[in-house]
Amino acid sequence: MAASVERADFFERVYDVVRLIPVGRVTTYGHIAAHLGMRSSARMVGWALNAVGYDERLKSIPAHRVVNRLGELSGRMHFETPFVMRERLEAEAVPFIGDRVDLSRCLWQPGED
DNA sequence: TGTATGACCAGTC
DNA sequence: CGACTGGCCATAC
């Protein structure tokens with residue numbers, strides 16, 4: 001039981017961090033994992049966000065503002081359509097370079113808020 | 001119970 | 001940033 005509680009804690013911490021990402025900015029799985037003390041590797045951040053797409057209660061979380069370390073929209077296939085992620089980012093004026101986000105101009109790191 | 005997989009990352013060549 | 005390696009850890013089969 002303790003284990004499942006810890007897992008739930010980790011998921012919620014990920015959601016809390018994602019909710020803090022300012023409009024027009026993005027962060028990466030690795031930065032979130034590092035901010036949480038790397039207790040679960042960056043892969044678990046992806047798992048937490050994967051749950052967002054399957055849980056109606058979590059739709060308010062701006063998961064589209066989380067990209068991989070290269071700025072790629074690696075999670076776009078898990079949205080309602082593969083285009084939603086990019087459309088939301090562009091609607092927030094997030095700069096793109098080809099198919100990737102320009103992290104040098106819009107990267108946000110947990111704690112800088 | 002062991003293996004494979006994944007919205008990942010850092011290091012190396 | 002191409003390809004590969006090792007590490008990460010929950011889930012699925």
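Owing to the predicted nature of the structure, the values given are computational and were not obtained by experimental measurement. Convention: sequence-line order gives letters A, B, ...; per-chain numbering from 1.
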Could you go through nucleotides 10-13 of chain B and list every protein N or O atom that sits under 3.5 Å from one of its N or O atoms, giving the distance for each pair?
none

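- Residue pairs that meet the salt bridge (charged side-chain N to carboxylate O under 4.0 Å, His left out) test with at least one member in residues 70-86 of chain A, sequence neighbours left out, are A:R86-A:E90, A:R86-A:D99.
- Residue-level contact check: A:A48 touches neither bases nor backbone, having no heavy atom under 4.0 Å from any strand.
- Nearest-nucleotide assignment on DNA chain C puts the 5′-proximal partner with A:L70, out of A:L70 and A:A42.
- In the hydrophobic clustering (ILVMFWY side chains linked at under 4.5 Å, chained through shared members), A:V67 is joined by A:V26, A:L73, A:F79, A:V84, A:M85, A:L89, A:V94, A:F96, A:V101, A:L103, A:L107.
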Verdict with reasoning, A:D16 to A:R13, per salt bridge (charged side-chain N to carboxylate O under 4.0 Å, His left out): CA-CA 5 Å; A:D16 283 343; A:R13 272 178 226 174; over 6 Å; no

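- C:dT5 and B:dA4 have their P atoms separated by 15 Å, with the value rounded to a whole Å.
- When each of C:dC8, B:dC9, B:dA7 is scored by its nearest atom to the side-chain atoms of A:N50, the top-ranked nucleotide is B:dA7.
- Under a 3.5 Å cut-off, the side chain of A:T27 and the backbone N or O of A:Q109 do not form any donor-acceptor pair.
- Closest to the side chain of A:M44, out of C:dC1, B:dG6, B:dA7, is B:dG6.
- If you check every strand for non-hydrogen atoms under 4.0 Å, A:N68 touches sugar and phosphate atoms only.
- Contact annotation: the side chain of A:H31 never approaches that of A:E112 to less than 4.5 Å [non-hydrogen atoms, C-beta and beyond].
- The main-chain N or O of A:I21 is found under 3.5 Å from a side-chain atom of A:R65 such that the two form a donor-acceptor pair.
- Distance from the side chain of A:W47 is smallest to B:dG6 among B:dC9, C:dC8, B:dG6.
- The gap from the P atom of B:dA7 to that of C:dG7 amounts to 22 Å, rounded to the nearest Å.
- Here A:S74 lies in heavy-atom contact (under 4.0 Å) with sugar-phosphate atoms only.
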